[in-house]
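The shown structure was predicted, so the numbers you read here are calculated from the model rather than taken from an experiment. For the numbers below, each heavy atom of this structure counts, side chains included, while hydrogens, waters and symmetry mates do not.
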Amino acid sequence: MTPKDCIVERTMRMFVSHGIRAVCMDDVAQQLGVSKRSLYELFGDKEGLLYQAMVRYFDDSRRRWAELSAGAGNVLEQLFMVLGDVMDRSEETGRLMDSLKRLYPAVHDKLMREGSVRNREELRAMLRQGIADGLFIGSIDIDLAISVLYYTASALVSRRDLLLPEGISERKAFVQIVSTFFRGISTAEGLRLVDAYRARYE
């Protein structure tokens, strides 16, 4: 890891721990033992450093998803594992993105655009793999399925005020709703697996 990468990594952890508003360039320089001049030469300003720190945050998420799903038996289980992790970390991610939207809207919008492109590409590859493996029906409109899944998951993760029936956790509700989506596009074998994974990952 280069010195610049180390700064990005450690600054990202500061933003996660203390909040975006609370961390200034003076704090970063003091905590990391580098001069403010070096920070400005490397990143331009706080907005530039913040953008790179948040890119690292989401890259770390993708690496974690790859590690989590390395032992998945098939792409359907992989989807349950990844979406479950997204839900489990939704409070942290939502807090960071809400702060970005209020304080640095240009950074927020750029990350959202870039994240949407990457997420859709990855979902497209996974859905195609599911079709090839006989888990999802081949007649589905993949782009429509991506939009429904992406926006459903995004809404459930971002709506922290969602009213749920008494006795049901946010994770259980999330898994049930996502399972309903998967049931709608699954073959007979896919349906069997959806029910098994729903019980396992709630």
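For the atom pair Asp85 CG and Arg64 CZ, the distance stands at 4.5 Å (nearest 0.5 Å). Atom CD1 in Ile131 sits 10.5 Å away from atom OG1 in Thr187 (nearest 0.5 Å). Interatomic distance, CG of Leu144 versus CG of Leu149, reported as 11.0 Å (0.5 Å rounding). Here the CG atom belonging to Asn74 is positioned 9.5 Å from the CD atom belonging to Gln129, to the nearest 0.5 angstrom. Interatomic distance, Leu39 CG to Lys46 NZ, rounded to the nearest 0.5 Å: 12.5 Å. Taken to the nearest 0.5 Å, the CG atom of Leu96 stands 7.5 Å off from the CZ atom of Phe58.
Under 3.5 Å, the side chains of Tyr201 and Ser179 contain no donor-acceptor pair of N or O atoms.
Looking at heavy atoms from C-beta onward, Val23 lies out of side-chain contact with Leu50 at the 4.5 angstrom threshold. Between Val194 and Leu76, some side-chain heavy-atom pair lies under the 4.5 Å cut-off. Taking the side chain as every heavy atom from C-beta outward, Arg102 and His108 never approach each other to under 4.5 Å. Between Ile7 and Gln52, every side-chain heavy-atom pair lies at or beyond the 4.5 Å cut-off. The side-chain heavy atoms of Lys36 and Val28, taken from C-beta on, include no pair separated by under 4.5 Å. No side-chain heavy atom of Gln31 sits less than 4.5 Å from a side-chain heavy atom of Thr11. A heavy-atom distance below 4.5 Å is not found between the side chains of Met87 and Val175.
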Practice problem: Go through the steps for Tyr197 and Phe182 under the test ring-ring contact (aromatic ring centres under 6.0 Å, His included), then give the verdict. | Solution: CA-CA 11 Å; Tyr197 295 146; Phe182 287 137; 9.6 Å; no
Practice problem: Would you please test Met14 and Leu32 for side chain to side chain contact (heavy atoms under 4.5 Å, CB included) and show each step? | Solution: CA-CA 10 Å; Met14 291 176 68; Leu32 275 59; 3.9 Å; yes
Exercise. Any chance you could lay out the side chain to side chain contact (heavy atoms under 4.5 Å, CB included) test for Met112 and Met97, step after step, and finish with the verdict?
Key: CA-CA 9 Å; Met112 290 294 288; Met97 294 305 287; 3.7 Å; yes
Quiz prompt | Asp5/Arg56 under side chain to side chain contact (heavy atoms under 4.5 Å, CB included): CA gap, chis, key distance, verdict | solution = CA-CA 9 Å; Asp5 289 335; Arg56 175 61 57 87; 3.6 Å; yes
Practice problem: Carefully, step by step, assess Ser90 and Thr93 under the rule side chain to side chain contact (heavy atoms under 4.5 Å, CB included). | Solution: CA-CA 5 Å; Ser90 62; Thr93 304; 5.8 Å; no
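Heavy atoms of other residues, nucleotides or ligands lying less than 6.0 angstrom from CZ of Arg37 number 12 at most.
Considering all non-hydrogen atoms of both residues, Glu189 and Leu135 come closest at CG-CD2, 3.8 Å. The shortest non-hydrogen separation linking Glu47 to Ala106 is OE2-CB, 4.1 Å. Scanning all heavy atoms of the two residues, the minimum distance from Ala72 to Gln78 falls at CB-N, 3.8 Å. In terms of heavy atoms, Val16 sits closest to Glu92 at CG1-OE1, 3.4 Å. The minimum heavy-atom distance linking Met81 with Ser69 is given by the pair SD-CA, 3.5 Å. Residues Leu42 and Lys4 come closest through the heavy atom pair O-NZ, 3.9 Å.
Sequence neighbours left out, the pairs with a member in residues 108-121 that pass salt bridge (Lys or Arg N to Asp or Glu O under 4.0 Å) are Asp59-Arg118.
Both Val55 and Leu103 are members of a single hydrophobic cluster when ILVMFWY side chains are connected at heavy-atom separations under 4.5 Å. Cluster annotation: Ile185 is connected to Tyr150 through the hydrophobic network of ILVMFWY side chains, with a link wherever side-chain heavy atoms come within less than 4.5 Å. Tracing side-chain contacts under 4.5 Å through hydrophobic residues (I, L, V, M, F, W, Y), one never reaches Leu83 starting from Leu191; they form parts of separate clusters. Taken together through direct or relayed side-chain contacts under 4.5 Å among Ile, Leu, Val, Met, Phe, Trp and Tyr, Leu123 and Tyr151 form part of one hydrophobic cluster.
No salt bridge links Arg95 with Glu91; every basic N to acidic carboxylate O contact stays at or beyond 4.0 Å.
Residues passing the salt bridge (charged side-chain N to carboxylate O under 4.0 Å, His left out) test with Glu122, sequence neighbours excluded: Arg62. Contacts of Arg21 classified as salt bridge (charged side-chain N to carboxylate O under 4.0 Å, His left out), with partners at least two apart in sequence or in another chain: none. The salt bridge (charged side-chain N to carboxylate O under 4.0 Å, His left out) search around Arg10 returns none, not counting sequence neighbours. With sequence neighbours left out, Asp88 forms a salt bridge (charged side-chain N to carboxylate O under 4.0 Å, His left out) with Arg171. Under the side-chain hydrogen bond (donor to acceptor under 3.5 Å, both in side chains) criterion, Glu67 pairs with no residue at all, not counting sequence neighbours.
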